Amino acid sequence: MITDRSVFRDDWLPDVQHREAEMTVLTDALTPVLEGDRAEDVLLHGPQGVGKTVLTRAALDRLNRQQPTPSAHVHCLGASTAGIVRSILQELPGSDPARTTPQEELIATLQERVSEPTVVVLDEGDDLPETDILDVLRGVPDISWIAICHDEIDWLSRVDESIRHGLTDRSLQLDKFTTSELTDILEARQRVGLEGGAISREQLRMLADGAAGVARRGIFALRAAAELATERGHTTIEDVDVEDSFDRARRQLREQALESLPLHHHILYEIIRRKGEVRTAAINDRYEAIAAVVYDGRNQTPISKRERRTKLQKLVDYNLIGRRDEERKRVYWACDRSISSPLDLQVPVP
DNA sequence: TCTCCACAGGAAACGTAGGAAT
DNA sequence: ATTCCTACGTTTCCTGTGGAGA
């Protein structure tokens, strides 16, 4: 039933639909490059999964077809200033810098290497105002940036006045799609990714409706529906497959998030998942009780309480665990207890 | 109201891997 | 081969918060 799985992946670049106005703002911002000038900076903001990254990639793709332009797409979440500069250098032509190259030297290399208009995409840039990266980029005359974040007000409140001023008219909001817009988007994906006639327009509308305007959710659900239909021996996708697709899609999104995290997070996640609702102190007790066994032979050592708090925060950010403060207790629980760590952890059952 | 306690999270300090210089 | 240097992940230290109990 699925003829091309790559269509459902995050890195698939579709023809952008229902973002004409936004696309115009972006392409206008990039237009100076065609004259050999630096592009305008842009801030792109909106909820997760509504196509901010896709729109940016599409705009750069369009620019590249008119005028090949160096660009770098950097994931900034949790990265230091030096880390971001290093990622940019890795994407631009030239040799990659060594792991321990001093920050000052990285910046000097960037200034030397960039001699024509270059666009840097700062994805997942919510924490950017805390780093010096915008100042660093300002020191490279040919570099312009497109920052992608969730909360515009928060982001702008933390950058300095000159940057805020430079963004006037170039702070671009992407809202959730309407059901009919998202139906169109799913229609286009299924045309490429599924056998002809596998799904009806009405079923696509149901998927779009269930995804509540979040494109990534809808796309994952479309794939999940096709997978369910195949497993159940249906020749085309049936309504029951669509109904059951949301659960599977949600699971797949969470599994993907968990897989992307390192060992310590998996161990903490498994402790919480197996216990149901659990207090911080109980997590720590359990962690300390099993640490020796779980870390054995893994080339890593148990982490301190303080660092566990940081890891737990990340699990919350990734929507893998929930958290609530009540009285003097902070309580954690797994958002979906059926999702287990793919690592083969020797977490003993209490 | 005051003191004690447990915990959260910010900031500084620390240890280590690995590349460069000698 | 040895020494030096840096980024990064982590630990240590510390301050703030808020409920419990005197």
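So you know, we letter chains A, B, ... as the sequences are listed, proteins then strands, and number each from 1. Since we're looking at a predicted model, the values are computed, not measured.
- Side-chain contact check for A:Thr53 and A:Arg57: no donor-acceptor pair (N or O, by modelled atom type) lies under 3.5 Å.
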Could you list the protein-to-nucleotides 11-13 of chain C atom pairs, N/O on both sides, closer than 3.5 Å?
from	atom 1	to	atom 2	distance (Å)
C:dT11	OP1	A:Ser304	N	3.1
C:dT11	OP2	A:Ser304	N	2.9
C:dT11	OP2	A:Ser304	OG	2.7

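- Applying the ring pair (Phe, Tyr, Trp, His ring centres under 6.0 Å) test to every pair with at least one member in residues 229-262 of chain A, sequence neighbours left out, gives no pairs at all.
- Bracketed by its first and final contacts, the part of DNA chain B lying under 4.0 Å from non-hydrogen atoms of chain A reaches from B:dA6 to B:dG19 in 5' to 3' order.
- Here A:Arg113 pairs with nothing under the side chain to side chain donor-acceptor pair (under 3.5 Å) rule; sequence neighbours left out.
- With sequence neighbours excluded, no residue forms a ring pair (Phe, Tyr, Trp, His ring centres under 6.0 Å) with A:His265.
- Looking at A:Arg251 and A:Ser338, their side chains do bring a donor and an acceptor atom within 3.5 Å of each other.
- Residues from residues 259-266 of chain A placing a heavy atom under 4.0 Å of any atom in DNA chain B do not occur.
- Between A:Glu105 atom CD and C:dC4 atom P there is a gap of 19 Å when expressed in whole angstrom units.
- A:Leu228 belongs to no hydrophobic cluster with other residues, because no ILVMFWY side-chain heavy atom falls under 4.5 Å from its own, directly or through intermediates.
- Judged by a 6.0 Å distance limit and a 45° cone about the ring axis, A:Arg298 is not positioned over the six-membered ring of A:Tyr295.
- The stretch residues 95-103 of chain A touches DNA chain B through A:Ala98, A:Arg99, A:Thr100, each having a heavy atom under 4.0 angstrom from the strand.
- Checked against A:Ile271 for a side-chain contact (heavy atoms from CB on, under 4.5 Å), the options A:Ile290, A:Val278, A:Asp285, A:Asn284 give a single hit: A:Ile290.
- Screening residues 79-107 of chain A for side-chain hydrogen bond (donor to acceptor under 3.5 Å, both in side chains) gives no qualifying pairs among residues at least two apart or on separate chains.
- Residue pairs meeting the side-chain hydrogen bond (donor to acceptor under 3.5 Å, both in side chains) criterion with at least one member in residues 9-21 of chain A, sequence neighbours excluded: A:Arg9-A:Asp11, A:Asp10-A:Arg216, A:His18-A:Asp184.
- Applying the ring pair (Phe, Tyr, Trp, His ring centres under 6.0 Å) criterion to A:His45, with sequence neighbours excluded, gives no partner residue.
- Annotation: salt bridge (Lys or Arg N to Asp or Glu O under 4.0 Å) contacts involving residues 152-162 of chain A, sequence neighbours excluded, comprise A:Glu130-A:Arg158, A:Arg138-A:Asp160, A:Asp154-A:Arg158, A:Glu161-A:Arg164.
- Close to C:dT10, at under 4.0 Å from its OP1 or OP2, lies a side-chain N or O of A:Lys311.
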